[in-house]
Number of protein chains: 2
Amino acid sequence: MKVNTIIRGDCIEELKKFPENSVDLIFADPPYNMQLKNALYRPNNTKVDGVDDAWDKFGSFSEYDEFCITWLKECKRILKDTGSIWVIGSYHNIFRVGNIMLNLGFWILNDVTWYKTNPMPNFLGTRFTNATETLLWCSKGEKYKKYTFNHKMMKKYNGDKQMTSVWQIGLCIRGERLKGDDGKKAHSTQKPEELLKRVILSTTKQGDLVLDPFFGTGTTGAVAKKLNRNFIGIERETAYITLAKKRINAIRVMFPEAEWEEEEIIK
Amino acid sequence: MKVNTIIRGDCIEELKKFPENSVDLIFADPPYNMQLKNALYRPNNTKVDGVDDAWDKFGSFSEYDEFCITWLKECKRILKDTGSIWVIGSYHNIFRVGNIMLNLGFWILNDVTWYKTNPMPNFLGTRFTNATETLLWCSKGEKYKKYTFNHKMMKKYNGDKQMTSVWQIGLCIRGERLKGDDGKKAHSTQKPEELLKRVILSTTKQGDLVLDPFFGTGTTGAVAKKLNRNFIGIERETAYITLAKKRINAIRVMFPEAEWEEEEIIK
DNA sequence: TATAAAGGTGAATCCGCAC
DNA sequence: AGTGCGGATTCACCTTTAT
């Protein structure tokens with residue numbers, strides 16, 4: 001299988017082509033099915049640039065469920081017994097996704113809270129500021145206990161204290177946020193590299209294969225490369241693929257944390 | 001309906017006796033179905049006193065689901081159109097509960113993260129420290145928009161900054177933790193009063209009726225009384241009821257925050 | 001009496017292998 | 001599938017005991 005590449009195509013169709021037990025880690029950032037109805041305005045009357053992409057539209061819960069059941073089933077099939085899977089979502093979709101994953105036999109290891117240091121406030125004062133997204137980290141099933149978890153490395157990364165399931169990380173903004181030719185954000189839901197860094201650093205070894213079925217602008221690939229991991233991305237939209245390729249090819253720097261693992265291997 | 005009382009009986013049977021549209025707020029802390037298998041020991045060889053109560057045992061996911069569908073349906077029926085419901089859970093159950101609530105038409109307003117300041121570590125280094133529980137705050141449905149939310153009060157309570165969906169609160173320990181005659185914790189999952197304080201303060205008015213279908217040792221009732229709200233608790237176990245009654249009868253002090261609302265009403 | 005050391009504990013899906 | 005055992009493993013508090 002060719003690695004460090006982006007496959008252009010439909011997520012489900014492409015996942016079906018993977019052999020069983022072939023992937024070490026899956027990171028999935030699926031559509032959230034946000035069900036946004038009306039435009040949202042800030043107090044100063046400027047419009048909030050929300051997620052209204054066609055790919056985030058589903059007709060009903062069951063349509064969204066069907067979609068998730070299908071791609072998650074394929075993920076389970078192609079995941080190695082020692083592998084694990086991460087899925088990120090918000091309250092709009094994570095309870096449906098989590099329920100499906102449990103029904104498919106995935107075994108939840110942690111529900112990690114991405115605690116945003118700079119969330120968008122609730123302008124109308126109708127709710128608490130929605131300051132989190134949730135990452136579900138799961139092994140292939142209850143009996144698969146040999147999943148990779150670099151406990152000591154994450155402890156070191158966290159200042160010699162065991163890392164908790166709450167990760168305080170800022171939104172992906174400014175220089176890190178990819179812009180299109182029009183100067184606007186190229187992807188509506190680009191994730192911060194720090195998030196992927198913790199995911200990949202904690203649950204893979206160097207040389208492992210990381211698969212991202214919703215590759216977008218390639219944050220997973222960029223971080224995998226910086227950490228000496230192999231990656232495969234699946235993405236439908238050519239515009240995203242173009243940006244991701246450019247981004248990943250430009251990477252020359254390695255995160256120093258990638259070397260920490262070597263120490264463990266030598267020891 | 002008699003308020004400020006504890007009903008002894010089965011949660012579902014008792015909920016069925018409530019009239020429609022009669023309750024302002026529901027706080028539910030249902031069994032989590034933790035599925036604990038073996039004993040767990042700390043590195044110093046002391047045994048962790050885990051949750052092994054009979055009330056937390058369910059035969060299967062579908063058995064647990066059926067239970068939750070039934071009591072949540074009743075909750076929806078008896079909730080006022082201006083009311084809202086909170087359900088707390090961990091990753092063991094919250095994805096099933098959340099999925100069911102969505103299917104029943106509840107409308108998620110926030111998924112609040114209880115970020116524990118002093119969680120129990122993962123002793124064997126097999127996962128991240130599980131540092132959170134999740135509270136789902138929902139209105140009766142998408143079209144019910146007149147739910148109570150004391151935005152200004154919570155902002156004041158939070159040092160004049162809008163409160164976010166992440167609440168850093170310690171575990172219920174020491175003096176606050178109710179003990180039995182044997183000196184051991186009376187209830188295995190007693191919640192901190194600070195958690196209920198934020199729930200009741202933010203989403204009810206003085207004099208409102210708060211219902212807790214899994215009353216336990218009565219944290220909801222105690223906080224409701226301190227905040228000048230009425231409460232009804234449903235609880236099956238006599239031992240818990242005895243403790244809760246004693247606890248609530250002993251309360252003479254009011255949380256000063258209860259008075260804040262009067263200011264709003266006067267204004 | 002003051003300070004230090006030791007002990008207790010919390011909604012926890014917490015190991016791996018040999019026999 | 002169950003049992004037994006060697007070995008690696010923890011954070012923030014507060015309470016109790018020791019120096």
Side-chain angles (χ1 to χ4, degrees), chain A residues 81-82 84 98 101-102 105-111 136-156 158-166 264 267, chain B residues 28-58 60-61 64 87-97 113-135 168-179 183-192 195 214 216-217 219:
Chain A
D81 292 353
T82 54
S84 61
M101 294 185 80
L102 289 169
F106 285 106
W107 194 245
I108 299 177
L109 298 167
N110 279 117
D111 58 336
L136 279 173
W137 174 42
C138 304
S139 68
K140 203 167 161 175
E142 182 177 5
K143 67 176 181 177
Y144 300 95
K145 294 181 179 293
K146 294 190 174 183
Y147 56 87
T148 296
F149 180 60
N150 301 314
H151 164 65
K152 285 183 181 171
M153 197 184 306
M154 298 317 288
K155 189 172 175 178
K156 181 176 176 183
N158 195 45
D160 278 329
K161 283 182 188 176
Q162 184 172 94
M163 189 174 275
T164 79
S165 59
V166 177
E264 286 210 6
K267 188 180 64 185
Chain B
D29 183 9
Y32 289 6
N33 188 25
M34 300 259 301
Q35 311 171 57
L36 300 180
K37 298 286 192 309
N38 303 309
L40 177 64
Y41 290 84
R42 300 185 183 83
N44 66 4
N45 261 348
T46 59
K47 191 175 176 182
V48 173
D49 183 17
V51 176
D52 65 346
D53 307 81
W55 50 253
D56 198 49
K57 303 254 193 295
F58 291 83
S60 63
F61 278 148
Y64 184 75
V87 184
I88 185 168
S90 67
Y91 68 83
H92 308 84
N93 71 322
I94 201 65
F95 300 102
R96 307 211 73 88
V97 167
T113 301
W114 172 21
Y115 179 10
K116 301 177 186 182
T117 55
N118 49 350
M120 190 172 76
N122 180 291
F123 299 116
L124 297 183
T126 57
R127 308 179 178 191
F128 298 99
T129 300
N130 176 20
T132 69
E133 292 185 29
T134 300
L135 297 101
Q168 296 193 42
I169 300 172
L171 298 167
C172 180
I173 52 176
R174 297 183 305 283
E176 192 186 327
R177 190 81 190 227
L178 295 182
K179 305 290 196 302
K184 295 181 178 173
K185 55 187 177 191
H187 193 289
S188 52
T189 70
Q190 187 184 340
K191 297 295 177 292
L195 199 71
F214 305 95
T217 46
T219 307

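Chain letters run A, B, ... following the sequence lines, proteins first and then strands; every chain starts at 1. Values in this document were obtained by computation on a predicted structure and should not be read as measured data.
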Original post:
Are B:Asn130 and C:dT13 close enough that a side-chain N or O sits under 4.0 Å from OP1 or OP2?
Top reply: yes

Pick out the pairs of N or O atoms, protein on one side and nucleotides 15-19 of chain C on the other, that lie under 3.5 Å.
{"from": "C:dC17", "atom 1": "OP2", "to": "A:Lys146", "atom 2": "NZ", "distance (Å)": "3.4"}

Original post:
Can you list the stems that DNA chain C is part of, where a stem is at least 3 pairs in a row, each Watson-Crick or G-U, with both distances below 3.5 Å?
Top reply: C:2-10 with D:11-19, C:15-19 with D:2-6

**OP:** For D:dA8, take OP1 and OP2 only and decide whether either is under 4.0 Å from a side-chain N or O of A:Lys152.
**Re:** no

**OP:** Give, for atom OG1 of A:Thr164 and atom CG of A:Asn158, the distance between the pair rounded to the nearest 0.5 Å.
**Re:** 7.0 Å

**OP:** Assign A:Asn110 to base, sugar-phosphate, or nothing according to its heavy-atom contacts below 4.0 angstrom with the strands shown.
**Re:** nothing

**OP:** Could you check if a side-chain atom of B:Ile169 sits within less than 4.5 angstrom of a side-chain atom of B:Trp114, using non-hydrogen atoms only?
**Re:** yes

Original post:
Are A:His151 and D:dT10 close enough that a side-chain N or O sits under 4.0 Å from OP1 or OP2?
Top reply: yes

Original post:
Measuring from A:Ser165:OG to B:Tyr115:OH, what's the distance to the nearest 0.5 Å?
Top reply: 8.0 Å

Original post:
Can a side chain N or O of B:Lys185 be found less than 4.0 Å away from OP1 or OP2 on C:dG10?
Top reply: yes

Original post:
What form does the base of C:dT13 take, syn (within 90° of 0) or anti?
Top reply: syn

Original post:
Does C:dA11 have OP1 or OP2 sitting under 4.0 Å from an N or O in the side chain of B:Arg177?
Top reply: yes

Subject >> B:Asp29 side, atom CG; B:Lys191 side, atom NZ - distance, nearest 0.5 Å >> reply: 3.5 Å

Subject >> Side chain to side chain, B:Tyr64 and B:Asn93, heavy atoms closer than 4.5 Å >> reply: yes

Original post:
For C:dA11, does OP1 or OP2 lie under 4.0 Å from any side-chain N or O of B:Lys191?
Top reply: no

Original post:
What pairs meet the salt bridge (Lys or Arg N to Asp or Glu O under 4.0 Å) rule with one or both residues in residues 124-135 of chain B, with sequence neighbours excluded?
Top reply: B:Lys116-B:Glu133

Original post:
If you take all heavy atoms of A:Val166 and B:Ala131, which pair is closest and at what distance?
Top reply: CG2-CB, 4.3 Å

